[in-house]
Amino acid sequence: MNTRRLVSIAVFTALITVGGLISVSIPFAQVQLSFQVVFVVMAGLCLGGRDGALAVLVYIAMGLIGLPVFTQGGGIGYVLMPSFGYLLGFPVGALVSGYICSRFKKPTRGGAFAASLVGMIPIYVIGVSYQVLILYYYMGSAMSAVLAGLPAIGVLAVKDGVLVGLASILYVPIRRATGLGRRQKRNYNASGVGLAQGK
């Protein structure tokens, strides 16, 4: 792994961390409204599925060893938090969004937006499923109470959809300014598998 890749992964790990620290509680939802998802999918779009997922895994590892980088702190005990499922979905979301975006022959805002929306799906599927399991089986909350809080998750989904839409507008200029497209093309020609293809 060269220096440029390491720096790129570190930058997005930092952005994901900052996005998690800027958060607002949603009543009855047991999760925080943060800006992490947009940075997660952008990591996949800009770095490729593989490196985007790696940036997220570094972030999760930092939190689990005790660094207070998660929205509500850090430490191994965080795995019992209802919101931990969203963290588990982050690397999958980055991988999926990066892989889909790499399938387009030419980078476009529409393609980036579509890849981002599809990348959000595993984040929410894993996140909501884990939340229900923790609240119902571990915390002993009544299923009616658990289900009553789920509609608030829609607020998060709408927020993230708007944010990834705005991020998609910046995707093409960022790609051109950083020379990402040229670097990916060279890697593809050299190895037969592009770095940003998420494989």
Side-chain angles (χ1 to χ4, degrees), residues 9 11-26 28-64 69-74 78-103 111-136 146-147 149-168 170-171 196-199:
I9 290 170
V11 167
F12 272 94
T13 298
L15 289 173
I16 295 168
T17 300
V18 172
L21 296 178
I22 304 174
S23 61
V24 178
S25 298
I26 296 183
F28 312 112
Q30 299 291 333
V31 293
Q32 300 279 322
L33 189 157
S34 72
F35 297 89
Q36 283 185 304
V37 171
V38 66
F39 292 122
V40 167
V41 296
M42 282 300 291
L45 298 180
C46 294
L47 304 182
R50 181 177 59 184
D51 284 359
L54 183 56
V56 178
L57 290 173
V58 171
Y59 163 73
I60 295 174
M62 289 168 54
L64 291 179
V69 296
F70 297 151
T71 55
Q72 299 180 56
Y78 209 88
V79 298
L80 297 177
M81 297 285 288
S83 60
F84 187 72
Y86 294 91
L87 296 177
L88 293 178
F90 282 172
V92 182
L95 184 67
V96 170
S97 60
Y99 178 82
I100 292 176
C101 192
S102 71
R103 299 295 94 186
F113 183 59
S116 299
L117 289 181
V118 177
M120 285 173 54
I121 294 175
I123 295 176
Y124 277 91
V125 169
I126 296 172
V128 172
S129 300
Y130 193 91
Q131 179 178 339
V132 171
L133 289 173
I134 291 295
L135 288 175
Y136 183 68
V146 173
L147 296 177
L150 292 183
I153 303 300
V155 176
L156 298 179
V158 171
K159 177 265 299 180
D160 289 330
V162 172
L163 288 178
V164 298
L166 295 175
S168 299
L170 301 175
Y171 168 66
Q197 288 183 316
K199 290 185 177 180

Check: Met81 and Leu87 side chains under 4.5 Å, non-hydrogen atoms: no
Check the orientation of Tyr78 and Phe70. Use parallel for under 30°, tilted for 30 to 60°, and perpendicular for over 60°. tilted
Of all the heavy-atom pairs spanning Leu45 and Ser116, show the shortest one and how long it is. CD1-OG, 3.4 Å
Could you grab the distance from atom CE of Met42 to atom CG of Leu163, nearest 0.5 Å is fine? 11.5 Å
What one should report as the nearest heavy-atom pair of Ala115 and Cys101 is CB-N, 3.8 Å
Backbone of Ala55 reached by a side-chain donor or acceptor of Thr13 within 3.5 Å: yes
Donor-acceptor check, side chain of Ser129 to backbone of Ile126, threshold 3.5 angstrom: yes or no? no
Decide yes or no for Val37 and Phe90: does some side-chain heavy atom of the first lie under 4.5 Å from some side-chain heavy atom of the second? yes
Distance, nearest 0.5 Å, that separates CZ of Phe35 from NZ of Lys159: 6.5 Å
Identified side chain to side chain contact (heavy atoms under 4.5 Å, CB included) counterpart of Val18 within the set Ile22, Leu15, Ile16: Ile22
Do you know which two heavy atoms are closest between Tyr86 and Tyr124, and how far apart they sit? CE2-CD2, 4.0 Å
Side-chain donor-acceptor contact under 3.5 Å, Gln36 with Tyr59: yes
Search all heavy atoms of Val96 against all heavy atoms of Gly119 and return the closest pair with its distance. CG1-CA, 4.1 Å
Quick one: closest heavy-atom pair of Ala112 and Ser168, and the distance? C-OG, 3.6 Å
Find out whether Ile134 and Phe84 are in side-chain contact, i.e. whether some heavy atom of one side chain is under 4.5 Å from a heavy atom of the other. no
Heavy-atom nearest pair, Ile123 first then Gly93, reads CG1-CA, 4.0 Å
Taking Val79's backbone N and O only, do any of them form a donor-acceptor pair with Tyr130's side chain (distance below 3.5 Å, no angle check)? yes
